[in-house]
Amino acid sequence: MQKKLLTVAVASALAVPGIAAAQSTVEVYGTINMAFGNFKYTEGTAAQTVDGATPGAALASVSKLDVSQGASNYGLRARENLGGGLAAWGQFEQNAPMERSNNIAITPASRNSAVGMQGGFGNIFLGQWTTPWADLDALWGIGTVGYWGPVTSIIGRRETTGTAPNPNCINGHTSGVPGSTVCDAVEAAGGVGHPFWRRFSQAVFYQSPVMAGVQVKLAYQTNESKATSNVSTNADPSAWSGSVQWSGMGGRARVGAAYDRHKDFTSIGASDTGYSVKGGWNFGVVDVGLAYEVMKYKCVGNQPGSTTPGQYAALCASDGDIKAKQYAVALAVPVGPGSIRASYAVAKDLDGVIGTSGVATSHISDTGAKQYNIGYEHRFSKRTNVGIGYAKIDNKANAAFTWTGAPPIQNGQSNTPVFGSDVSTFFVSMTHRF
C-alpha cells in the first residue's frame, strides 16, 4: 500500500496539466543488496611476463572483515498508454553507494536508463542498457547467493587478465597515442581482454514480441567517437549485440545464444567478436544452468600492448588473434521457503599470438581462473532474501579475477588482486527490493 501511495504521489507531482493522469504511471523502485563477511586475499605469485621482464613482488596474504554492497540501485520508471496497444515509457536508474569506500559509478543514469515505444511490433528504445549478450545470464545464473557468483567475475569478464587497453581512447584509459579520442566506458575498456557484459550507451535497442516462447533482441552502439583528424589515429568505434532466446514448458526449459561484434575496440580497422550459449532446465528437485562463451580479440598493425606491471607487455604487439573461453554450471535445490545454491565457473588460459615475433602458442601461460560458491538463501517474501555462504576465486599465476564490490587488497588502495592471489569470502547477505 505504501508503495502504491508513493507511486501515485510521484505521478501526481510529475503530471502535466491537460493530460489525463489515468493514462500514465510513475513508479519508484530499487534494490538494496548488502553482505557482511570475512574476505581473504592470499599471497599470490610473482607475475611472470612473456618478454622475460623481472616479475613483480608478491604481497603477504591478508584477511579482513567487510560490509559490502553489490549492484544496489534505485530509479524511476514511467509508462503512458497511448491507445491502440501503443505505449511510451522511460526509465532513469543509477547505482546506490551503500558504503562510502565503494568505487562504483554513482553518476545519474549510470545503469539501465532509456526512453522507448512499445507495441505489437515489439519494444524499441534509446539510451543505455544491458546488452542482449548480458541479458542471457538470467537464463542460467541461478546458483548465486547474494552476489558473490560467476556472472561478471568469470563469465563475460577478462579485463583483469593480460589486458591491453584500447589504444584509441582517453577518459581514464590513456594510451599514450597523441590525438586519442574520448570514449565511453565500454569503448575505453576495450583492447585485448575487454569485457562483453558491459552496458551499451549512446545506443539503439530492439526487443521483439515473444512468439511461441521465442524472443529476438538487438542493440547497436553508435560510432559517436569516430575521429577523422587525429594526429596518429582515426578510430571509428561502434558495437553490435544480438541474441535469440526461447523459454517453454512453463519456464522450466530455457536456452539462448548471443553474438557480439565490437569494431575498433582493440585494433583500428578490425572487429572483436564473441558468441555465447546459455540456458537451463528446472527438474523440480533441482534447477540446472549452463553457460559457454568465446571472445576473440583482433590484433592488427602492432597495437600497443599493456603497460601495467606484471601483465603481458608483449600481448597484441604483433598481428594475430587472442581468444578467451569461459564456461560454468549453476545449481539451485529447493529447501522449504529457500534454496541451496552453488556455481562452478572456469576461465581457460588465453590462446593466441604473443610477442613481437608473432610466436603462436597453444595457450598464453597461466591466465585462467576457477570460481566456485555454495550457500543457502532463505526467501522471506518476494522482496526480501537472507543468505549465508562461501565463495572463492582461484587465480592462476598471471590472473587477477575478482568480484565487483570486493574490498581493497593488501595495499588498501586497489580492488584488483595481485597476480595469482586467490580471493575468498564467508558471508551473510541481505537483499530487499522495493
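Model, not experiment: these values are computed from the prediction.
- Sorted by first and then second residue, the salt bridge (Lys or Arg N to Asp or Glu O under 4.0 Å) pairs involving residues 111-123 (not counting sequence neighbours) are Glu93-Arg111.
- For the side-chain contact (heavy atoms from CB on, under 4.5 Å) test, residues two or more places apart in sequence or in another chain that qualify with Lys392 are Tyr372, Tyr390, Asp422, Ser424.
- When side chains are defined from C-beta on, Asp260 does not count as touching Tyr275, because their heavy atoms never get closer than 4.5 Å.
- Ile155 places a side-chain heavy atom less than 4.5 Å from the side chain of Glu293.
- Remark: Asn282 pairs with no residue by the side-chain hydrogen bond (donor to acceptor under 3.5 Å, both in side chains) rule, at least two apart or across chains.
- Residue pairs meeting the salt bridge (Lys or Arg N to Asp or Glu O under 4.0 Å) criterion with at least one member in residues 206-222, sequence neighbours excluded: Asp135-Lys217.
- Side-chain atoms of Ser208 come within 3.5 Å of backbone atoms of Val216 as a donor-acceptor pair (strictly under, hydrogens ignored).
- Interatomic distance, Arg199 CZ to Phe205 CZ, rounded to the nearest 0.5 Å: 10.0 Å.
- In this structure Trp240 satisfies the ring pair (Phe, Tyr, Trp, His ring centres under 6.0 Å) test together with Tyr220, sequence neighbours excluded.
- Relative orientation of the His432 and Phe434 rings is parallel, given thresholds of 30° and 60° on the angle between their planes.
- Proximity of a side-chain donor or acceptor of Thr31 to a complementary backbone N or O of Arg433 within less than 3.5 Å is not detected.
- Side chain to side chain, Asn95 and Asn73 fail the donor-acceptor criterion of an N or O pair below 3.5 Å.
- With hydrogens and angles left out, the side-chain atoms of Thr367 and Asn398 include no donor and acceptor closer than 3.5 Å.
- For Ser113, the side-chain hydrogen bond (donor to acceptor under 3.5 Å, both in side chains) criterion is met by no residue, not counting sequence neighbours.
- The salt bridge (Lys or Arg N to Asp or Glu O under 4.0 Å) contacts involving residues 113-128 comprise nothing, where partners must be two or more places apart or lie in separate chains.
- Ala138 meets the side-chain contact (heavy atoms from CB on, under 4.5 Å) test with no other residue; sequence neighbours excluded.
- The shortest distance between side-chain heavy atoms of Val214 and Val244 falls below 4.5 Å.
- The cationic atom of Arg341 (NZ for Lys, CZ for Arg) does not lie both less than 6.0 Å from the six-membered ring centre of Tyr376 and within 45° of the ring axis.
- Distance check, rounded to the nearest 0.5 Å: OH of Tyr297 to OG1 of Thr273 gives 10.0 Å.
- The side-chain contact (heavy atoms from CB on, under 4.5 Å) test applied to Ala134 returns Thr130, Thr131, not counting sequence neighbours.
- With sequence neighbours excluded, the residues forming a side-chain hydrogen bond (donor to acceptor under 3.5 Å, both in side chains) with Tyr259 are Arg261, listed by chain and number.
- Listed by first and then second residue, the side-chain hydrogen bond (donor to acceptor under 3.5 Å, both in side chains) pairs involving residues 137-149 are Ser68-Tyr147, Asp137-Trp140, Asp137-Lys278 (not counting sequence neighbours).
- For Tyr41, the side-chain contact (heavy atoms from CB on, under 4.5 Å) criterion is met by Phe39, Val62, Ala406, Pro407, Ile409, Gln410, Pro417, Ser421, Val423, not counting sequence neighbours.
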